[in-house]
Chemist: 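Take a look at this one; I'll ask things after.
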Amino acid sequence: VQEKYVQQYGKHTFEAAVKWHKEYFNDVVITGDSSKWARSGRLTRDDVFHLNAISLYARNNFEFRRLSIIPIVRYETIMLNKVNVLANATNPDANATDFNMLENNFDAFTPGINIIYRDINILNSLLEIYGGAYKGFSSPTTAIAFNEVTNGEVTPAVDVANLEPEVSFNQEVGLRMTNNNQVFNTQLSVFNTFISNYYSPARSQAFQTLGTVTMNGVEFGINIDPS
């Protein structure tokens, strides 16, 4: 479910939205006892996952002649839970469908800003200078969210799941140039990204120890149309 609001006032534009996302996932594994082509077998895993996520953002595009300033703020809260149905089925103390439920809840506030200065005439071309900085985050998937972190070490959770999202800080500055005769256009940018609480090399995998990653780079592209 998503609702969006846009308001134009003068040359400026305000935009805001709120979104609610819900998921249900039942992870069932049946092991064939006779052969790998067996159509029935022994139930070896039965986990039920629920996810609820609420996010909202607001941004404003301020236009001052050639200059655009676009600040944005975003907030998201995510609620995850997991129930081991197979374990509950053999536990005489289980008295409800959510018995021994594991939970992992977290939220994040991620502001950012973009600045663009355009229409600079140089060498029969229009030059645009842009830059931006923002905070980002990546929430754990259901495959690895239910882990416990103790002194930076990641282990499967028994009764407490406290793995938090990866958090990044990103900066970029660049130039775009478009030839007035449309013969070519080009772009050059430099960027820096710093990630903390780094835990996931792939969607369903997690490192045993949390870490940090710093990435720096240069991007260049050119498109030429001699016709």
Chemist: Stepwise, does the side-chain contact (heavy atoms from CB on, under 4.5 Å) test hold for Phe184 with Met177?
Modeler: CA-CA 8 Å; Phe184 72 91; Met177 180 180 285; 4.1 Å; yes
Chemist: CZ of Arg118 to CZ of Arg66: how many Å apart, nearest 0.5 Å?
Modeler: 11.0 Å
Chemist: Considering non-hydrogen atoms only, spot the tightest contact between Asn60 and Pro71 and give its length.
Modeler: O-CD, 3.0 Å
Chemist: Are Tyr130 and Phe220 joined in one hydrophobic group, where the rule is that I, L, V, M, F, W and Y side chains link up if heavy atoms are under 4.5 Å apart?
Modeler: no
Chemist: Please report the closest heavy-atom contact between Pro165 and Phe137, naming both atoms and the distance.
Modeler: CB-CD1, 3.5 Å
Chemist: Would Leu188 end up clustered with Leu127 when hydrophobic side chains under 4.5 Å apart are linked, directly or stepwise?
Modeler: yes
Chemist: Just by modelled atom types, is the Val167 backbone N or O under 3.5 Å from a matching donor or acceptor in the Asn197 side chain?
Modeler: no
Chemist: Under 4.5 Å between side-chain heavy atoms, hopping through other hydrophobics if needed: is there a path connecting Ile115 to Phe14?
Modeler: yes
Chemist: Does the side-chain contact (heavy atoms from CB on, under 4.5 Å) test come out yes or no for Val73 and Phe109, once each step is laid out?
Modeler: CA-CA 7 Å; Val73 291; Phe109 175 72; 4.1 Å; yes
Chemist: Spell out, yes or no, whether Ile122 and Val173 are grouped together once hydrophobic residues are joined by side-chain heavy atoms under 4.5 Å, including indirect joins.
Modeler: yes
Chemist: Which atom names give the shortest non-hydrogen contact between Asn81 and Glu103, and what distance separates them?
Modeler: CB-CG, 4.0 Å
Chemist: Could you walk me through whether Asn61 and Glu15 pass the side-chain contact (heavy atoms from CB on, under 4.5 Å) check?
Modeler: CA-CA 8 Å; Asn61 191 342; Glu15 178 182 314; over 6 Å; no
Chemist: For atom CD of Glu172, decide whether the heavy atoms of other residues, nucleotides or ligands shown that lie under 6.0 angstrom number more than 12.
Modeler: yes
Chemist: Measure across Asp27 and Phe49 and return the closest heavy-atom pair with its distance rounded to 0.1 Å.
Modeler: CB-CE1, 4.0 Å
Chemist: Rounded to the nearest 0.5 Å, what separates atom CG in Leu56 from atom CD in Glu76?
Modeler: 9.0 Å
Chemist: If you round to the nearest 0.5 Å, how far is OG of Ser125 from CG of Asn179?
Modeler: 4.0 Å
Chemist: Under a 3.5 Å distance rule, please check whether Asn181 uses its side chain to pair with a backbone N or O of Val183 as donor and acceptor.
Modeler: no
Chemist: Under the side-chain contact (heavy atoms from CB on, under 4.5 Å) criterion, do His21 and Leu51 qualify, and how do the steps go?
Modeler: CA-CA 8 Å; His21 179 78; Leu51 177 146; 3.7 Å; yes
Chemist: So do the side chains of Tyr198 and Thr212 get within less than 4.5 Å of each other, counting heavy atoms only?
Modeler: no
Chemist: Would you confirm whether Ser68, through its side chain, and Glu63, through its main-chain N or O, come within 3.5 Å as a donor-acceptor pair?
Modeler: no
Chemist: Please check this pair: side chain of Asn104 against backbone of Leu80, looking for a donor-acceptor N/O pair closer than 3.5 Å.
Modeler: no
Chemist: State, with a plain yes or no, whether a side-chain heavy atom of Glu128 is found less than 4.5 Å away from one of Thr178.
Modeler: no
Chemist: Check each of Val48, Leu43, Asn26 against Val85 using the side chain to side chain contact (heavy atoms under 4.5 Å, CB included) test, and report the only one that passes.
Modeler: Val48
Chemist: Considering residues, nucleotides and ligands other than Phe191, do more than 12 of their heavy atoms fall under 6.0 Å from its CZ?
Modeler: yes
Chemist: Search all heavy atoms of Asp93 against all heavy atoms of Asn91 and return the closest pair with its distance.
Modeler: N-OD1, 2.9 Å
Chemist: So which atom in Thr186 and which in Gly221 form the shortest heavy-atom distance, rounded to 0.1 Å?
Modeler: OG1-O, 2.8 Å
Chemist: Are more than 12 heavy atoms from other residues, nucleotides or ligands located less than 6.0 Å from atom NZ of Lys135?
Modeler: yes
Chemist: Between Asn88 (side chain) and Val83 (backbone), is there a donor-acceptor pair under 3.5 Å?
Modeler: no
Chemist: Can you tell me how far apart CG (Leu86) and CZ (Arg45) are? Round to the nearest 0.5 Å.
Modeler: 10.5 Å
Chemist: Using the side chain to side chain contact (heavy atoms under 4.5 Å, CB included) definition, which of the options Asp107, Thr77, Val1, Ile78 pairs with Ile54?
Modeler: Thr77
Chemist: For Glu3, does the CD atom have more than 12 heavy-atom neighbours from other residues, nucleotides or ligands under 6.0 Å away?
Modeler: no
Chemist: In Å and rounded to the nearest 0.5 Å, what is the OG to CD distance from Ser139 to Glu166?
Modeler: 9.5 Å
Chemist: Can Leu123 be reached from Leu126 by stepping across I, L, V, M, F, W or Y side chains whose heavy atoms are under 4.5 Å apart?
Modeler: no
Chemist: Sorted by first residue and then second, give each ring-ring contact (aromatic ring centres under 6.0 Å, His included) pair with at least one member in residues 53-105; sequence neighbours left out.
Modeler: His12-Phe62, His12-Phe64
Chemist: Going by atom types only, do Tyr9 and Gln7 share a side-chain donor-acceptor pair under 3.5 Å?
Modeler: no
Chemist: About how many Å separate NZ of Lys82 and CZ of Phe25, when rounded to the nearest 0.5 Å?
Modeler: 10.5 Å
